[in-house]
Amino acid sequence: MEHLQCHLQNWFFTQEKWQKEFFHLLDGLFATAPASQISSDLAKRLYTKRNALYGSITRLEEFNSCPFKHFADYALRLTERREYTFAAPERGQLLHETMRAFSTTLLEKGLTWRDIKSEQREAICTEIVAKLARQIGNDILSSSRQYQHLLRRLQKTANEAIARLCDFAKHSQFETVSVEQVFGKGKKALPPLVYKLSGKMRLEITGQIDRIDKENENGYILVIDYKTGQTTINLLEVYYGLKLQLLTYMLAVQNALPKEQSLPAGVLYCYLRTTLMSFDGRMTEAELAKELNKKMQMSGWLLADSDVIQKIDDSISYIKVHFNKDGSVSKRDIAYVKTKEEFALLLDYIGESLRQAGQDIVTGTITIKPYRLQEKTPCEYCPYLSICHFDTTIPGYCYRELKQQDNDSIMKEIASGRAKADA
């Protein structure tokens with residue numbers, strides 16, 4: 001059999017019209033994963049300017065998700081063909097811009113979230129959304145009845161989100177001091193986050209913080225990020241560098257202010273979306289509003305201090321934290337609070353995670369190695385699968401397997417790492 005196989009191979013080698021197909025078969029037979037590294041000199045030419053790697057938090061999260069996806073985006077600069085549509089990114093942009101424009105209008109009119117009347121609020125919001133709809137997506141929202149219906153839904157979503165934030169302001173002692181606050185670039189920007197890398201290079205992180213609230217008496221800071229999806233924060237994804245955004249925003253604020261004026265009160269996601277509910281039997285309008293509010297509560301981490309939490313929301317209706325009769329945080333909500341020491345540990349850890357990702361980028365890591373956390377991987381929605389050909393049956397291809405751990409174990413590892421660094 002082996003003798004026959006050799007004869008067949010030699011015959012195909014000599015047949016010009018079959019050579020192309022034959023070599024394709026051989027490539028498949030002996031396929032392996034491509035190189036996982038480019039030279040640091042090439043990486044420097046591809047990624048840096050004047051010895052600096054400039055990046056956003058999204059960029060570093062993407063690198064931690066899969067180094068090759070980062071390479072495809074930022075070195076090869078591949079992009080998907082743009083389509084004439086109004087999809088999730090455009091919806092998110094419109095709602096974010098609505099929140100920014102509404103906050104700016106309040107400042108111009110000398111109003112606050114707390115004291116604006118509902119009729120005035122709705123009129124301002126309606127005007128803003130109508131104006132933005134003409135600017136975003138080449139006026140596609142007026143191109144058909146389907147898109148006009150979508151615009152009405154977006155109008156309703158924006159109105160409800162703003163109404164909810166106005167009600168929240170009536171229960172909070174924190175004041176909004178900045179919206180769409182840029183750090184790293186621009187005249188009114190906060191300073192960038194800067195980390196030293198090898199070879200006299202540095203990482204400069206820039207970004208934009210949706211909203212910063214402050215409690216002036218003690219200098220507590222609350223960072224709020226608007227989301228149109230179901231995004232939540234969990235310690236495991238923070239630990240593996242997949243969710244860096246909220247804590248990096250807090251780092252940027254602390255980097256710009258004296259320590260005593262930037263104490264972490266919390267980091268929260270505020271949802272700009274509508275939600276569907278199912279229930280048995282009839283519900284009054286008040287009961288329906290209560291259930292809806294539960295689903296729209298802001299999620300994230302708050303300082304484990306009952307006084308600070310009460311200052312953030314004295315009704316405990318807009319955040320996912322509740323108290324026992326003795327004033328302690330409910331056991332079911334313990335994952336939503338962090339102590340002062342835990343916040344300090346996490347912020348230090350995030351800083352080092354950012355620096356390490358930057359270091360790996362400039363040293364040329366481009367491994368096709370997406371993470372896998374239980375059944376979750378970034379490959380599901382990746383546009384580059386047809387380029388990387390990721391296939392675990394081929395030698396050299398494998399996932400970056402992330403171990404499931406409980407919160408206490410993660411915090412112990414983070415604290416241990418800091419102890420080793422301080423030793």
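Note that the numbering runs from 1 along the sequence shown for the chain.
- Few gaps surround CD on Q135; more than 12 heavy atoms of other groups in view lie less than 6.0 Å from it.
- A256 and L190 make their closest contact through CB-CD2, 3.8 Å (heavy atoms, listed as atom of the first residue, atom of the second, distance).
- T126 places a side-chain heavy atom less than 4.5 Å from the side chain of N159.
- Taking Y399 as the reference, F390 meet the ring-ring contact (aromatic ring centres under 6.0 Å, His included) condition, with sequence neighbours excluded.
- H322 NE2: more than 12 foreign heavy atoms inside a 6.0 Å radius.
- Nearest heavy atoms, P370 versus C398: CD-O, 4.3 Å.
- Judged purely by atom type and a 3.5 angstrom limit, Y240 uses its side chain to pair as donor or acceptor with the backbone of K403.
- Between L244 and V238, the shortest heavy-atom distance links the atoms CD2-O, 4.4 Å.
- The CD atom of Q155 lies 10.0 Å from the CG atom of L95; values are rounded to the nearest 0.5 Å.
- S172 places a side-chain N or O within 3.5 Å of a backbone atom of I312 that can act as its donor or acceptor partner.
- Annotation: salt bridge (charged side-chain N to carboxylate O under 4.0 Å, His left out) contacts involving residues 371-382, sequence neighbours excluded, comprise E237-K376, R372-E401.
- A heavy-atom distance below 4.5 Å is not found between the side chains of V362 and L203.
- Residues Q254 and L347 meet the side-chain proximity criterion, which asks for heavy atoms closer than 4.5 Å.
- In terms of the side chain to side chain donor-acceptor pair (under 3.5 Å) criterion, residue partners of D406 (sequence neighbours excluded) are, by chain and number, S409.
- A133 and L151 make their closest contact through CB-CD1, 3.7 Å (heavy atoms, listed as atom of the first residue, atom of the second, distance).
- Distance check, rounded to the nearest 0.5 Å: CG of L222 to NZ of K214 gives 13.0 Å.
- Contacts classified as salt bridge (charged side-chain N to carboxylate O under 4.0 Å, His left out) and involving residues 109-121 (residues at least two apart or in different chains) are given here: R114-E175.
- Judged by distance alone, with hydrogens and angles left aside, the side-chain atoms of Q404 form no donor-acceptor pair with the main-chain N or O of L373 at under 3.5 Å.
- At distances below 3.5 Å, at least one donor-acceptor pair connects side-chain atoms of Y349 with backbone N or O atoms of Y239.
- Pairs of residues two or more places apart, or lying in two chains, that qualify as salt bridge (charged side-chain N to carboxylate O under 4.0 Å, His left out) and include a residue from residues 34-62 are E62-K69.
- Of the charged side-chain nitrogens involved, none lies within less than 4.0 Å of a carboxylate oxygen, so that R164 and E160 do not count as a salt-bridged pair.
- L247 places none of its side-chain heavy atoms less than 4.5 Å from the side chain of L251.
- With rounding to the nearest 0.5 angstrom, the CD atom of E90 is 8.5 Å from the CD1 atom of I136.
- Looking at residues two or more places apart in sequence or on another chain, you find a side chain to side chain contact (heavy atoms under 4.5 Å, CB included) between L46 and I38, L42, F71, A75.
- Taking K311 as the reference, E215, E217 meet the salt bridge (charged side-chain N to carboxylate O under 4.0 Å, His left out) condition, with sequence neighbours excluded.
- Atom-to-atom distance recorded for L106:CG and T112:OG1 is 7.5 Å, nearest 0.5 angstrom.
- Legend: residues meeting ring-ring contact (aromatic ring centres under 6.0 Å, His included) with Y336, ordered by chain and number and at least two apart, are absent.
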Do any side-chain atoms of residues 301-308 form donor-acceptor pairs under 3.5 angstrom with protein atoms, and if so which ones, sequence neighbours left out?
{"from": "W301", "atom 1": "NE1", "to": "A335", "atom 2": "O", "distance (Å)": "3.4"}
{"from": "D305", "atom 1": "OD1", "to": "D307", "atom 2": "N", "distance (Å)": "2.9"}
{"from": "D305", "atom 1": "OD1", "to": "V308", "atom 2": "N", "distance (Å)": "3.3"}

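- Partners of F102 under the ring-ring contact (aromatic ring centres under 6.0 Å, His included) rule, at least two apart in sequence or in another chain, are W113.
- Counting only residues at least two apart or in different chains, salt bridge (charged side-chain N to carboxylate O under 4.0 Å, His left out) contacts with residues 391-400 are absent.
- Scanning for ring-ring contact (aromatic ring centres under 6.0 Å, His included) contacts around Y74 gives H70, with sequence neighbours left out.
- The two residues T232 and Y269 come nearest to each other via the heavy atoms C-CE1, 3.7 Å.
- Put simply, the side chain of T367 never gets that close to the backbone of K369: no donor and acceptor are under 3.5 Å apart.
- With rounding to the nearest 0.5 Å, the separation of CZ in R211 from OG1 in T176 is 3.5 Å.
- Here Q310 contributes atom CD and S315 contributes atom OG; the two are 9.0 Å apart, rounded to the nearest 0.5 Å.
- Under a 3.5 Å cut-off, the side chain of N324 and the backbone N or O of D326 do not form any donor-acceptor pair.
- Residues N255 and F183 are not in side-chain contact: their nearest non-hydrogen atoms beyond the backbone lie 4.5 Å or more apart.
- Using a distance-only test at 3.5 Å, with no hydrogens or angles considered, a donor-acceptor pair links the side chain of Q181 to the main chain of K188.
- For the pair I162 and I124, the minimum side-chain heavy-atom distance is 4.5 Å or more.
- In this structure the side chain of C379 reaches within 4.5 angstrom of the side chain of L385, judged on heavy atoms.
- Between D73 and Y384, the side chains place a donor N or O and an acceptor N or O closer than 3.5 Å (distance only, hydrogens not considered).
- Not a single donor-acceptor pair under 3.5 Å links the side chain of Y271 to the backbone N or O of A161.
- Side-chain N or O atoms of H96 include one that pairs as donor or acceptor with a backbone N or O of Y226 at under 3.5 Å.
- No donor-acceptor pair under 3.5 Å is formed between the side chain of T365 and the backbone N or O of I361.
- Residues L111 and T105 are not in side-chain contact: their nearest non-hydrogen atoms beyond the backbone lie 4.5 Å or more apart.
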